[in-house]
A.B. asks: 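Let me give you the structure first, and then I'll get to my questions.
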Amino acid sequence: MDCFYRIGAAFVSAHRGRCERSLRAGLLVGLASLNSASCASTAPDRPEDAVVIGALLPFSGSESAIGRNLEQAMLLALEDLNDAGGLDGRPFYVRSRDSHSSSVRGLDQLLELLYTDGVNYLVGPEENELAGKIAQDVRLNDTFHMLPGYAAPTVARSEARGGRMRLAPSSLDVGCALAKVAALAHIKTVNTLAAQDDYNSTVSSAFTTQFEYLGGRILPSVSFTSGEQTYTSKIDSAFKPDAERTLLAAYPATASTIVTEWAGSGRPGTWLLGPALRAEVLLANIPAGSLDGFLGVSPSLSLRSECDVTGEDEETVDCTTGNAAAFIERFSRRWDGDTPLPAAHFYYDGVVLIAMGLVYGKAKSGEIPSSGHALENIIRELNSPDHEAVSWRDLRAAMPRLRAGIPLRYVGAAAEYEFDEYGANRHYFMQRWTVDGDAFVDLPPVSVACRTPE
């Protein structure tokens, strides 16, 4: 499946092959806020002067519940950018393909984007394994690869060709925050029940490592393969050591089965909840109230400037959420009441960062950056703390200044961006939350300033 979009002030067109996207599959049927989207092949081809951004999103398969929502965020970004003049009047366009939530089928679609569609700028995928598999192609083709997803691979080395930038907190940040949540509750022993995919297994490892650094004790943990018929034996094994907290690190479809079976077995032990589990679809597919009071963490959507930190160990964090609330309102107004998933804030920002880099790069060199390595350096330069800040809400004013060669750093829908030397965004807080009935309730954020052993 492939899709084209051109978004402007008064124009939205789509070209899609034979397809029918269902955003409700298996245990995902409870996600009422995301509507199915159908595809048609009646719109004209993209304009020859379009600046094309490729995207791989999970429109079908086990992660289909999030695909449309992330796409809506990208389309909203394109609309805002093109309303601000695009790239010297040229419209930004997105060509979207379906990962099918599959490393095999998704890889085929990624390669189509790179070699058939010839995109120079790529956003996604959500699947960690898929993003890792094309790392060599990104280098060989000098492609720019924007990684907004929570489960994106770690960006931890410099390359001479290709560019990769990671927007969401790393698994180390997540593990640090989870460990601090447990330590602040005076927990002495923990273990994990974790899916064997790259992301959740890495979160599990980071959590236990950081908790041990903080003086806690790790009890035997359990891993599992997603898609099993039952997890009863895994649940029994995870709670047998009688840890004070057991981290559940999994995606919502699998976690809903685990929680349902756990609730039916008498609800032994106490869960900590991984970041992927802050999803309405999870609460819609588990026994009502079964996770009430349990704690989890996910990326904070408060800007660093909206947070105040006190205490010797940065244990007290007080944040406001005005910026995130404004984006939620903008998104909901544009998409008939739909609410953006937390990850959607990062996908909006990923598109804007690419566009800002292209506009500024052309202003400085006279040519649109086609090198992924060069574009990464431009975006890192733009987001230096020394430069004047510009909000996602002010793109109409910001884009002409970028076209004039004035460097501006981006304050996005998800974060104030500041990248390390490898292209990973720096994060300082994670959002702490709990469950109350059919809703998630935010608690004070937690710092991710963890110590490492000397």
Side-chain angles (χ1 to χ4, degrees), residues 5 7 33-34 53 55 57 66-84 92 94 121 123-124 126 146-150 152 165-169 173 275 278-280 298-307 319-359 379 382-383 387-399 402 408-419 424-431 433 440 442 445:
Y5 299 91
I7 308 297
S33 64
L34 298 178
I53 298 172
L57 298 169
I66 65 175
R68 175 59 178 167
N69 197 265
L70 301 182
E71 179 188 60
Q72 287 174 319
M74 294 180 69
L75 299 180
L76 183 60
L78 294 180
E79 183 174 279
D80 291 345
L81 289 163
N82 287 339
D83 282 349
F92 288 101
V94 64
Y121 322 109
V123 177
E126 275 292 288
M146 180 65 76
L147 298 163
Y150 293 0
M165 305 193 82
R166 194 184 196 284
L167 303 188
D173 293 332
R278 181 160 182 162
E280 302 296 336
S298 58
S300 172
L301 296 178
S302 292
L303 302 178
R304 189 181 183 191
S305 59
E306 292 180 312
C307 296
C319 299
T320 60
T321 57
N323 185 69
F327 181 74
I328 291 169
E329 190 279 332
R330 170 81 173 91
F331 185 103
S332 182
R333 179 161 36 89
R334 177 62 183 86
W335 299 114
D336 299 324
D338 285 354
T339 300
L341 297 169
H345 296 238
F346 287 101
Y347 272 79
Y348 177 96
D349 289 346
V351 173
V352 174
L353 284 164
I354 291 173
M356 290 178 66
L358 293 175
V359 170
I379 294 174
L382 277 178
N383 289 279
H387 293 155
E388 180 184 346
V390 61
S391 169
W392 62 273
R393 289 177 275 193
D394 299 322
L395 291 176
R396 282 190 177 181
M399 295 296 276
L402 288 168
L408 301 170
R409 65 181 176 91
Y410 180 54
V411 178
E416 295 174 76
Y417 288 95
E418 178 188 350
F419 297 96
N425 185 38
R426 302 181 191 275
H427 289 269
Y428 299 90
F429 314 106
M430 293 284 289
Q431 182 63 54
W433 46 267
F440 294 99
D442 284 338

A.B. asks: Going through the checks in order, is the side chain to side chain contact (heavy atoms under 4.5 Å, CB included) test met by H387 and N383?
C.D. replies: CA-CA 7 Å; H387 293 155; N383 289 279; over 6 Å; no
A.B. asks: Looking at residues at least two apart in the chain, or sitting in another chain, which of them share a side-chain hydrogen bond (donor to acceptor under 3.5 Å, both in side chains) with E416?
C.D. replies: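 Partners of E416 by the side-chain hydrogen bond (donor to acceptor under 3.5 Å, both in side chains) criterion, ordered by chain and then number, come out as S305.
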A.B. asks: Would a 4.5 Å heavy-atom cut-off, applied to side chains only, mark S298 and P342 as touching?
C.D. replies: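 No, their side chains stay 4.5 Å or more apart.
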A.B. asks: Under the side-chain hydrogen bond (donor to acceptor under 3.5 Å, both in side chains) rule, collect the residues that match up with R409, sequence neighbours excluded.
C.D. replies: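 R409 satisfies side-chain hydrogen bond (donor to acceptor under 3.5 Å, both in side chains) with no other residue.
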A.B. asks: How about L167 and L147: do any of their side-chain heavy atoms sit closer than 4.5 Å?
C.D. replies: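 A side-chain contact under 4.5 Å is absent here.
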A.B. asks: Evaluate side chain to side chain contact (heavy atoms under 4.5 Å, CB included) for Y417 paired with I379, printing each intermediate quantity in order.
C.D. replies: CA-CA 10 Å; Y417 288 95; I379 294 174; over 6 Å; no
A.B. asks: For D338 and R68, run salt bridge (charged side-chain N to carboxylate O under 4.0 Å, His left out): C-alpha distance rounded to whole Å, both residues' side-chain angles, the deciding distance at 0.1 Å, then the answer.
C.D. replies: CA-CA 11 Å; D338 285 354; R68 175 59 178 167; over 6 Å; no
A.B. asks: Any salt bridge (charged side-chain N to carboxylate O under 4.0 Å, His left out) pairs touching residues 340-354, not counting sequence neighbours?
C.D. replies: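 Pairs touching residues 340-354 that pass the test: none.
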A.B. asks: Start with the C-alpha distance between N425 and M165, add both sets of side-chain angles, then the distance that settles side chain to side chain contact (heavy atoms under 4.5 Å, CB included), and finish with yes or no.
C.D. replies: CA-CA 8 Å; N425 185 38; M165 305 193 82; over 6 Å; no
A.B. asks: Enumerate, atom names and distances included, each donor-acceptor pair closer than 3.5 Å involving a side-chain atom of residues 321-328, sequence neighbours excluded.
C.D. replies:
from : atom 1 : to   : atom 2 : distance (Å)
N323 : OD1    : W392 : NE1    : 3.0
N323 : ND2    : G412 : O      : 2.9

A.B. asks: I'd like to check the side-chain contact (heavy atoms from CB on, under 4.5 Å) partners of A344; sequence neighbours left out, ordered by chain and number.
C.D. replies: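 Checked A344 against side-chain contact (heavy atoms from CB on, under 4.5 Å); matches are N69, L70, A73, P340.
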A.B. asks: Under a 3.5 Å distance rule, please check whether E79 uses its side chain to pair with a backbone N or O of L76 as donor and acceptor.
C.D. replies: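 No, because the side chain of E79 does not come within donor-acceptor range (under 3.5 Å) of the backbone of L76.
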A.B. asks: How would you list, by chain and number, every residue that makes a side-chain contact (heavy atoms from CB on, under 4.5 Å) with S300, sequence neighbours excluded?
C.D. replies: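 So S300 forms a side-chain contact (heavy atoms from CB on, under 4.5 Å) with S302, F429, Q431.
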A.B. asks: Could you list the residues that satisfy side-chain contact (heavy atoms from CB on, under 4.5 Å) with E329, not counting sequence neighbours?
C.D. replies: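 Once residues adjacent in sequence are excluded, the partners of E329 under the side-chain contact (heavy atoms from CB on, under 4.5 Å) criterion are R333.
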A.B. asks: In sequence, state the C-alpha distance, the side-chain angles, and the governing distance for H427 and R304, and then conclude on side chain to side chain contact (heavy atoms under 4.5 Å, CB included).
C.D. replies: CA-CA 9 Å; H427 289 269; R304 189 181 183 191; over 6 Å; no
A.B. asks: By side-chain hydrogen bond (donor to acceptor under 3.5 Å, both in side chains), which residues pair with D394, not counting sequence neighbours?
C.D. replies: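 In terms of side-chain hydrogen bond (donor to acceptor under 3.5 Å, both in side chains), with neighbours along the sequence ignored, D394 is linked to no residue.
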A.B. asks: Once side-chain hydrogen bond (donor to acceptor under 3.5 Å, both in side chains) is applied, do any residues pair with R166, and if so which ones, sequence neighbours excluded?
C.D. replies: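 R166: no side-chain hydrogen bond (donor to acceptor under 3.5 Å, both in side chains) contacts found.
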A.B. asks: Between V351 and Y347, is there a side-chain heavy-atom distance shorter than 4.5 Å?
C.D. replies: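 No. Closest side-chain heavy atoms not under 4.5 Å.
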A.B. asks: Has the side chain of H345 got a donor or acceptor atom that lies under 3.5 Å from a matching backbone atom of A413?
C.D. replies: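 The answer is yes, because a donor-acceptor pair under 3.5 Å joins these two groups.
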A.B. asks: Please identify each residue that fulfils salt bridge (Lys or Arg N to Asp or Glu O under 4.0 Å) with R426, with sequence neighbours left out.
C.D. replies: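 Applying salt bridge (Lys or Arg N to Asp or Glu O under 4.0 Å) to R426 gives E418.
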A.B. asks: Any carboxylate oxygen within less than 4.0 angstrom of a Lys/Arg side-chain nitrogen, looking at R330 and D80?
C.D. replies: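 Salt bridge flag = yes for D80 with R330.
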